[in-house]
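In this chain, numbering begins with 1 at the start of the sequence shown.
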Amino acid sequence: MNTALYKQMVKAQAKTIISYSVGSAFYIALIAAIYPSLADSKAINHYLQQLPSEILKAFNITGMGNLLEFIAGEYYGLLFILIGSIYCVTAANQLMARPIDRGWMAYLLATPNSRRTIAFTQALVLLTGLAAIDVLTTAAGFAADAWFVADDALDAERFLIMNAVGFLLFFAISGYSFFFSAMANDGRRALSLSGGATVLFYSLDLIGKLAEKAEWLRYGSIFAAFEPGNIAQGQAEWLPVSLLLFAIGVLGYTAGIGLFAKRDLPL
């Protein structure tokens, strides 16, 4: 890793990292804050009981039993995934594809640093942003529980597992996004590949949840590995899927760094 480059790129990405981190923290705090007023609502519980089981499964809605189940369905089932996925795709593009596309990668390559060092440093910047988003979201969840929920309803262990598996999901997404960004000469092409793969994976998972006969499609989606509703209820086999997500992320980053080190760049 090149320390000077790392500091410079983190500084350049600071506004983006802060905006995503604060946005994620704000949403989870907001959802936790409204939980006490809805927890005892018979109307909402009745409405949830009327929804088809496929809809509840698709969006990880497990009910209003406790705070963790509530935020699992209302935040981690969709908003958390959107925020993290968008960051992974766009940040990978900004750190790898855009410098190649706009030509200023040549300035980095002119320094006495190997291509592998440069790519590895950029990967660490991307992971730093992911870690910041996940850590601040976790901290905001605990803070909101302490401030807004009188009976301390948040199961700390399951909440930490939920955020850890969520981080590994984004580690996997950022891994293949980094690979595509290292492979493409055009920033738009990198965004299309990374974004397209992410939308495809999410669509396969969603269709598999909505249609029982198409449930096999979920085997082709990394999003099937993240089931916050089941984690909240203590029913998820989170360790095997965590290892799978970790392996996908490592493969993506390793392949991206290796490809960048060997390919011809249009500089």
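- Taking all atoms of both residues into account, the shortest heavy-atom contact from Ala261 to Arg115 is O-CD, 3.6 Å.
- The heavy-atom pair separating Ser194 from Phe180 by the smallest distance is OG-CB, 3.6 Å.
- Taken to the nearest 0.5 Å, the CZ atom of Phe178 stands 7.0 Å off from the CD atom of Gln122.
- Separation of atoms CG (Leu206) and CG (Leu217) is listed at 11.0 Å; rounding is to 0.5 Å.
- Counting all heavy atoms, side chain and backbone alike, Asp205 lies closest to Ser221 at CB-OG, 3.4 Å.
- Criterion: ILVMFWY side-chain heavy atoms under 4.5 Å apart, direct or through other members. Under it, Ile18 and Phe26 are not part of a common hydrophobic cluster.
- Taking the six-membered ring for Trp, Phe223 and Tyr202 have ring centres closer than 6.0 Å.
- Side-chain contact check for Ser24 and Tyr75: at least one donor-acceptor pair (N or O, by modelled atom type) lies under 3.5 Å.
- Checked against the 6.0 Å centroid criterion, the rings of Phe260 and Phe120 do not qualify as a close aromatic pair.
- Atom OH of Tyr35 and atom CG of Leu68 lie 10.0 Å apart (nearest 0.5 Å).
- Phe246 pairs with exactly one of Val241, Leu251, Leu168 by the side-chain contact (heavy atoms from CB on, under 4.5 Å) rule, that one being Leu168.
- The hydrophobic clustering, which links ILVMFWY residues whose side-chain heavy atoms are closer than 4.5 Å, places Tyr27 and Val135 apart.
- Taking each heavy atom of Ala172 and Ile222 in turn, the nearest pair found is CB-CD1, 4.4 Å.
- Rounding to the nearest 0.5 angstrom, the gap separating the CD1 atom in Ile173 from the CZ atom in Phe170 is 6.0 Å.
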(request) Could you go through the side-chain contact (heavy atoms from CB on, under 4.5 Å) check for Trp238 and Asn230 one step at a time? (result) CA-CA 9 Å; Trp238 58 269; Asn230 287 342; over 6 Å; no
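- With rounding to the nearest 0.5 angstrom, the OG1 atom of Thr138 is 3.0 Å from the CG atom of Asn163.
- Paired with Ser174 under the rule side-chain contact (heavy atoms from CB on, under 4.5 Å), one option of Leu130, Leu169, Val89 passes, and it is Leu130.
- Ring geometry for Phe159 against Tyr76 counts as perpendicular: the plane angle is over 60°, on a 0 to 90° scale with 30° as the lower cut.
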(request) Evaluate side-chain contact (heavy atoms from CB on, under 4.5 Å) for Ile71 paired with Leu154, printing each intermediate quantity in order. (result) CA-CA 10 Å; Ile71 62 175; Leu154 191 64; 4.1 Å; yes
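- A continuous path of ILVMFWY side-chain contacts below 4.5 Å connects Phe171 to Ile86, so both sit in one hydrophobic cluster.
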(message) Using side-chain contact (heavy atoms from CB on, under 4.5 Å), reason through Thr121 and Met9 one step at a time and then give a plain yes or no.
(response) CA-CA 9 Å; Thr121 303; Met9 294 309 299; 5.8 Å; no
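- Minimum interatomic distance between Ile17 and Ala132 (heavy atoms only, all atoms of both residues): CG2-CB, 3.7 Å.
- Looking only at side-chain heavy atoms (C-beta outward), Gln13 and Gln8 stay at 4.5 Å or farther from each other.
- Side-chain heavy atoms closer than 4.5 Å link hydrophobic residues (I, L, V, M, F, W, Y) into clusters, and following such links, possibly through other members, connects Leu160 to Ile133.
- Put simply, the side chain of Trp147 does not reach to within 4.5 Å of the side chain of Phe142, judged on heavy atoms.
- Residues Thr16 and Tyr87 have side chains that never bring a donor and an acceptor to within less than 3.5 angstrom of each other.
- For Asn93 and Ser181, the side-chain atoms include no donor-acceptor pair closer than 3.5 Å.
- Note that the CG atom of Leu95 and the OG1 atom of Thr90 stand 9.5 Å from one another [nearest 0.5 Å].
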(request) Please lay out, stage by stage, how Met183 and Leu193 fare under the test side-chain contact (heavy atoms from CB on, under 4.5 Å). (result) CA-CA 10 Å; Met183 179 184 70; Leu193 291 171; 3.5 Å; yes
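- Residues Met162 and Pro228 share a closest heavy-atom pair of CE-O, 3.5 Å.
- Around atom CD of Glu237, no more than 12 heavy atoms belonging to other residues, nucleotides or ligands sit under 6.0 Å away.
- Clustering ILVMFWY residues whenever any of their side-chain heavy atoms sit less than 4.5 angstrom apart, transitively, puts Val10 in the very cluster that holds Met96.
- Donor-acceptor pairing under 3.5 Å is recorded for the side chains of Thr198 and Tyr176.
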